[in-house]
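If you're wondering where the values come from, they're calculated on a predicted model, not measured in any experiment. In each ligand, atom 1 is the first atom listed, and ligand 1 is the first ligand listed.
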Amino acid sequence: MLISVIGTGYLGAVHAVCMAELGYKVIGFDTDEHKIATFNKGEAPFFEPQFGSLLGRHLASKKVAFTTDAAQIADADVHFICVGTPQAADGFHANTEYIDASLENIIKYAKAGSFVVGKSTVPVGTARRLREELLQRRNGEIGLVWNPEFLREGFAVDDTLNPDRIVIGFEDEKDVARLKEVYRPIIDRGTPVLVTNLETAELVKVAANAFLATKISFINAMAEICEKVGGDVVSLADAIGHDSRIGRKFLNAGIGFGGGCLPKDIRAFQARANELGLDETLSFLKDIDAVNHRRRHRMVALTQMFIGEELKGKRICVLGAAFKPNSDDIRDSPALAIAKMLADKGAVISIFDPRALENVKKHFPTFEIAESAEAAAKDAEIVLHLTEWQEFRDLDPAKIGDVMKSKIIVDGRNALDLDKWRAAGFVAMGMARAAHA
Ligand code: UGA
């Protein structure tokens with residue numbers, strides 16, 4: 001079986017090497033020449049544990065290859081659509097132009113009898129529209145199912161090969177059987193398969209991300225209350241998390257969520273509901289977004305509380321730039337949004353991140369890039385811990401304190417052992433933490 005993967009961003013590149021790992025021959029197609037050349041050299045354009053080794057192994061075994069020539073998808077039996085659907089430049093809705101371009105290539109090149117598997121996150125109704133177009137323009141000789149992807153950055157390979165569930169939206173039973181055949185090794189490991197219609201499959205993805213975003217903003221709203229009354233949000237999360245109906249995961253309060261998925265997905269979902277005439281249905285997601293942004297402003301306010309309103313010329317050490325640990329992705333990163341707000345007020349930002357500094361250099365040229373946490377802390381008036389990498393948990397506070405102008409740290413992720421920092425003479429504060437929780 002030959003598989004084509006259309007779009008080799010995060011999702012597509014990982015999917016391509018994972019399909020090769022399952023034993024298939026895979027051709028990855030993308031219009032970005034630089035990216036394709038990078039993959040073909042065996043290099044990963046992003047940091048993702050396990051991805052690089054799978055890429056190297058399957059390039060060597062010739063199971064996977066990458067191309068910018070769309071005609072090379074012609075012999076594939078299955079076409080996975082994995083292109084991005086970023087937020088549109090002129091509103092909240094998703095930009096689906098890359099989905100449409102993928103379909104054009106499939107209509108032009110795909111062989112009769114092949115079938116399409118949509119994996120991208122799309123506005124509900126997209127899959128049916130694509131299916132109808134395929135029916136009209138290729139006379140029903142190419143099938144289509146929708147199979148959303150739930151991988152998390154940092155765990156992308158494992159999430160692809162060992163997913164919690166496989167969701168398949170379909171119109172034609174025969175295509176479901178074919179996709180199950182592709183995923184046979186994963187299904188045989190006992191992975192639940194949920195088969196439903198096209199619309200539900202599309203909705204499962206955005207509903208899951210909206211729920212996760214809601215969970216994070218819920219606990220961050222509780223953080224706001226705790227801050228007002230002297231409560232401790234970590235103890236609160238622990239206590240409600242023991243209720244198995246609630247669960248402790250995704251109840252970490254701090255500076256909120258970012259990344260290339262949750263923020264744009266909750267906005268696109270609202271935009272789609274509005275198009276459907278359901279303006280009020282998802283209006284709560286606007287509040288979810290607002291709570292999330294208020295956490296970034298809260299961190300700026302805390303910084304000013306400690307080192308003064310006037311930030312002009314003041315050195316601030318920022319630990320963390322990626323939107324979350326084990327990633328070099330800086331899209332909508334809360335850490336960088338906060339650093340930018342502080343820089344706009346005149347602060348000098350000295351920043352360190354174990355993986356994301358190359359991306360920071362490109363997009364935030366005015367920030368001082370440090371080679372270690374200690375170097376970033378040199379002469380700083382305050383340390384802001386904004387992405388919870390393990391190596392920041394392991395820092396020696398005494399070493400950091402020695403080089404700083406004043407020993408103050410704010411833990412924006414509630415991930416550090418603040419007592420350890422206090423023992424080294426720091427004024428240390430978390431987000432919505434009570435003194436004696
Ligand atoms: C998210 C979903 O978790 C995946 O299931 C989904 O497939 C993916 O989006 C996608 O749509 O492609 P990801 O963006 O990799 O995955 O990141 P998450 O682990 O969900 O974290 C998102 C943000 O929430 C991060 O900024 C993280 O720091 C923040 N977060 C997470 C919190 O602030 N608190 C928490 O308790 C958990």
Side-chain angles (χ1 to χ4, degrees), residues 7 9-15 46-49 82-87 94 119-122 147-160 163-167 202-223 233-234 236-238 240-241 246-269 288-289 291-296 298-299 320-338 353 356 385-389 392 411-415 430-432:
Y10 216 92
L11 162 61
V14 171
H15 196 69
F46 48 74
F47 171 71
E48 178 65 40
C82 294
V83 292
T85 50
Q87 185 174 335
K119 292 197 76 65
S120 304
T121 303
V122 289
N147 167 229
E149 179 56 57
F150 304 100
L151 64 79
R152 297 158 300 164
E153 294 188 17
F155 303 90
V157 169
D158 198 45
D159 283 349
T160 305
D164 290 340
R165 75 296 209 187
I166 292 171
V167 175
E202 292 168 312
L203 282 171
V204 171
K205 175 59 193 266
V206 281
N209 275 1
F211 191 85
L212 293 172
T214 302
K215 214 172 166 190
I216 300 167
S217 275
F218 176 85
I219 201 65
N220 278 325
M222 295 305 107
V233 78
V234 175
L236 175 71
D238 289 344
I240 62 172
I246 297 174
R248 180 62 177 83
K249 288 183 183 161
F250 272 66
L251 284 183
N252 293 323
I255 54 170
F257 60 82
C261 303
L262 261 44
K264 66 119 177 139
D265 284 355
I266 59 169
R267 292 174 201 143
F269 202 10
I288 298 306
D289 215 355
V291 170
N292 195 47
H293 275 94
R294 281 205 299 276
R295 299 312 291 166
R296 301 176 181 190
R298 169 76 180 156
M299 181 51 95
F323 84 104
K324 67 172 192 182
N326 297 316
S327 169
D328 64 354
D329 193 344
I330 60 164
R331 285 176 293 171
D332 204 352
S333 162
L336 289 170
I338 290 164
D353 184 284
H385 174 245
L386 302 183
T387 311
E388 68 278 34
W389 288 89
F392 297 150
D411 179 9
R413 294 295 188 175
N414 287 338
M431 302 295 275

Mind telling me whether His385 and Phe392 have parallel, tilted or perpendicular rings, with 30° and 60° as the class edges? perpendicular

Can you figure out which of Leu386, Ile216, Thr387 has its heavy atom closest to atom 32 (C) of ligand 1? Ile216

Contact (N/O only, under 3.5 Å) between Leu212 and ligand 1: no

min-distance protein heavy atom vs atom 26 (O) of ligand 1 -> Phe323 O, 2.9 Å

Between Asn209 and ligand 1, which part of the residue brings a heavy atom under 4.0 Å of the ligand: side chain, backbone, both or neither? side chain

Phe150 N/O under 3.5 Å from ligand 1 N/O: yes

Under 4.0 Å from a heavy atom of Glu153: which atoms of ligand 1 are those, numbered in the order shown and with their elements? 15 (O)

Taking distance alone, with N or O pairs closer than 3.5 Å, would you say Gly259 contacts ligand 1? no

Give a yes/no on ligand 1: does Cys261 have at least one heavy atom closer than 4.0 angstrom to it? yes

Quick one: which ligand 1 atoms are inside 4.0 Å of a heavy atom on Glu149? 7 (O)

Any nitrogen or oxygen of Lys324 lying under 3.5 Å from a nitrogen or oxygen in ligand 1? Just yes or no. yes

Side-chain touch Phe46/Ser327, heavy atoms, less than 4.5 angstrom: no

Name the closest protein heavy atom to atom 16 (O) of ligand 1, giving the residue it belongs to and the distance to 0.1 Å. Arg152 CA, 4.0 Å

To the nearest 0.5 angstrom, please state how far the CZ atom of Phe257 sits from the NE2 atom of His293. 8.0 Å

Quick test: of every protein heavy atom, which one is nearest to atom 23 (C) of ligand 1, and how far off is it to 0.1 Å? Phe257 CB, 3.5 Å

Treating Asp332 as the side-chain partner and Gly259 as the backbone partner, does any N or O pair qualify as donor plus acceptor under 3.5 Å? no

Would you mind listing which atoms of ligand 1 come within a distance below 4.0 Å of any non-hydrogen atom of Gly256? 33 (O)

Hey, does Lys205 sit under 4.0 Å from ligand 1 if you only count heavy atoms? yes

Check whether Arg413 reaches the backbone of Gly254 with its side chain - one donor and one acceptor, N or O, closer than 3.5 Å. no

With heavy atoms only and a cut-off of under 4.0 Å, state how Asn252 meets ligand 1: side chain, backbone, both or neither. both

Does Arg413 come within less than 4.0 angstrom of ligand 1, counting non-hydrogen atoms of the residue? yes

Side-chain heavy-atom pair Val233, Ile219 within 4.5 angstrom cut-off: yes

Arg248/Asp238 under side chain to side chain contact (heavy atoms under 4.5 Å, CB included): CA gap, chis, key distance, verdict: CA-CA 6 Å; Arg248 180 62 177 83; Asp238 289 344; 2.8 Å; yes

Non-hydrogen atom of Gly258 closer than 4.0 Å to ligand 1: yes

Atoms of ligand 1 less than 4.0 Å from Leu251 heavy atoms? 36 (O)

Could you please spell out the steps behind the side chain to side chain contact (heavy atoms under 4.5 Å, CB included) verdict for Asp265 and Arg267? CA-CA 5 Å; Asp265 284 355; Arg267 292 174 201 143; over 6 Å; no

Please state which part of Leu151 comes within less than 4.0 Å of ligand 1, counting heavy atoms only: side chain, backbone, both or neither. backbone

Neighbour count >12 (heavy atoms, 6.0 Å) for atom CZ, Phe150: yes

Using modelled atom types only, decide if a donor and an acceptor are shared between the side chain of Asn326 and the backbone of Glu48 within a distance under 3.5 Å. no

Just to confirm my output: which protein heavy-atom neighbour is closest to atom 20 (O) of ligand 1, and how far is it? Phe250 CZ, 3.3 Å

Just let me know how Leu262 lines up against ligand 1, side chain, backbone, both or neither, with a heavy-atom cut-off below 4.0 Å. side chain

